[in-house]
Amino acid sequence: MQRRKIIIDTDPGQDDAAAIMLAFASPDELEVLGLCAVAGNVPLSYTSRNLRIVCELCGKPDAPVYEGALKPTHRPQVTAEHVHGRSGLDGVALPEPVMMVREKHAVDFIIETLRNEPAGTVTLCTLGPLTNVALALQKAPDIASRVRELVMMGGGFFEGGNITPAAEFNIYVDPEAAKIVFASGMPIVMMPLDVTHQLLTTKARVAKIAALGTHPAKVLVDWLAFFERFDIEKYGSDGGPLHDPTVIAYLLKPELFSGRECNVEIETQSELTVGMTVVDWWRVSGRKPNATVMREVDADGFFALLTERVGRL
Ligand code: BDR
Ligand code: CA
């Protein structure tokens with residue numbers, strides 16, 4: 001497999017951290033060109049700090065980290081401390097990061113990278129609200145045709161929403177940004193709640209990660225224990241859903257996932273359903289497909305991949 005060049009745009013977040021760990025543990029397949037922090041689960045100052053903590057945990061203190069948008073494009077910020085804790089990465093005490101962020105703004109990093117690398121070679125991996133990518137598209141519309149693929153965790157359709165009955169958090173936080181991205185013409189792969197709700201961090205699966213016995217594995221187990229407590233209560237399940245690593249797992253093993261190309265529009269007006277991803281699964285609208293929407297995942301295969309890779313860190 002040829003190495004894929006990727007940019008990770010993220011709001012860590014324990015599940016973002018798991019995704020970043022999976023990416024750094026897979027250097028044969030993935031070349032991480034840079035990581036961008038965006039305001040999301042918690043304010044930007046925390047997501048930037050958390051991102052650097054994760055890089056250092058993965059032994060990547062030289063990874064280029066950029067700070068992006070401080071708030072959504074059109075709305076006041078909504079955060080999710082009730083899920084992720086006050087810092088966004090509660091669950092285990094880790095040293096404050098030593099590494100610094102790069103001076104360049106994340107939006108400019110995204111634009112320059114897409115312009116400098118050969119067209120069709122850079123994949124955008126988004127694990128949070130789409131604010132940075134939308135701002136980049138507004139500033140430099142030419143980048144849309146240069147992206148190889150944008151693989152995102154966001155949205156939900158058959159499963160409904162998780163922050164409101166209709167909306168998934170990443171889209172709800174900045175629906176106008178999502179609208180810009182889905183209208184951009186970039187090839188999009190969407191990992192909605194329909195997929196991530198099949199990926200429960202059951203005791204048996206987490207025990208396998210714990211059995212690796214390494215420091216990064218232990219930290220991940222502590223993060224997952226904190227992260228799942230909210231969802232266990234909400235869903236009454238054995239473990240909570242693991243969202244963001246689906247994006248990286250797709251790059252490594254696309255055969256774990258199945259879905260179909262369809263049209264996705266974003267609701268930005270209705271007070272009741274703002275942030276909803278309106279997926280035309282049955283192709284009844286006549287609107288042109290603009291995304292591959294995943295619906296099924298091989299859950300055991302996914303956790304086997306995650307566990308094996310985390311063991312390499
Ligand atoms: C998404 O929202 C965040 O809380 C998670 O990190 C994930 O990206 C799930 O709705
Ligand atoms: Ca996230």
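In each ligand, atom 1 is the first atom listed, and ligand 1 is the first ligand listed. It should be emphasised that the depicted structure is a prediction, and the values quoted were computed from it without experimental measurement.
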So that I can tick it off, tell me whether Lys71 and Asp174 are bridged by a salt bridge, with the cut-off set at under 4.0 angstrom between side-chain N and carboxylate O.
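No.
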Should Glu308 and Arg312 count as an ion pair when the cut-off is N to O under 4.0 Å?
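So Glu308 pairs with Arg312 through a salt bridge.
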I'd like to check whether Glu168 has a polar contact with ligand 1, where a contact means an N/O of the residue lying under 3.5 Å from an N/O of the ligand.
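Yes; the residue has a nitrogen or oxygen that sits under 3.5 Å from a nitrogen or oxygen of the ligand.
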Does any N/O atom on Leu127 come nearer than 3.5 Å to any N/O atom on ligand 1?
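Yes, since at least one N or O of Leu127 sits under 3.5 Å from an N or O of ligand 1.
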Are any of the side-chain heavy atoms of [X] and [Y] separated by less than 4.5 Å?
X	Y	value
Thr214	Leu313	no
Asp11	Val42	no
Glu29	Arg309	yes
Val293	Phe157	no

Measuring from non-hydrogen atoms of Asp244 to any atom of ligand 1, is the shortest distance under 4.0 Å?
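Judged by the 4.0 Å heavy-atom criterion, Asp244 does count as contacting ligand 1.
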Non-hydrogen atom of Gln14 closer than 4.0 Å to ligand 1
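The answer is no, since Gln14 has no heavy atom less than 4.0 Å from ligand 1.
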In Asp11, the N, O or S atom nearest to the Ca ion (ligand 2) is which?
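That would be atom OD1.
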For N/O/S atoms only: which one belongs to Asp244 and is nearest the Ca ion (ligand 2)?
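Minimum-distance N/O/S atom of Asp244 relative to the Ca ion (ligand 2) is OD2.
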What part of Thr196 sits under 4.0 Å from ligand 1 if we count only heavy atoms: the side chain, the backbone, both or neither?
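For Thr196, no heavy atom sits under 4.0 Å from ligand 1.
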Looking at atom 3 (C) of ligand 1, what's its closest protein heavy atom, distance included?
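Looking only at protein heavy atoms, the one closest to atom 3 (C) of ligand 1 is Asn41 OD1, 3.1 Å.
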Identity and separation of the nearest protein heavy atom to atom 6 (O) of ligand 1:
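The answer is Asp15 OD1, 2.6 Å.
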Would you kindly check if the NZ (Lys) or CZ (Arg) of Arg102 is within the cone defined by 45 degrees around the ring axis of Phe109 and under 6.0 Å from the six-membered ring centre?
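Ring-cation test returns no.
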Just to the nearest 10 degrees, tell me the angle at the Ca ion (ligand 2) spanned by Asp16 OD2 and Leu127 O.
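Output for this angle: 80°, rounded to tens.
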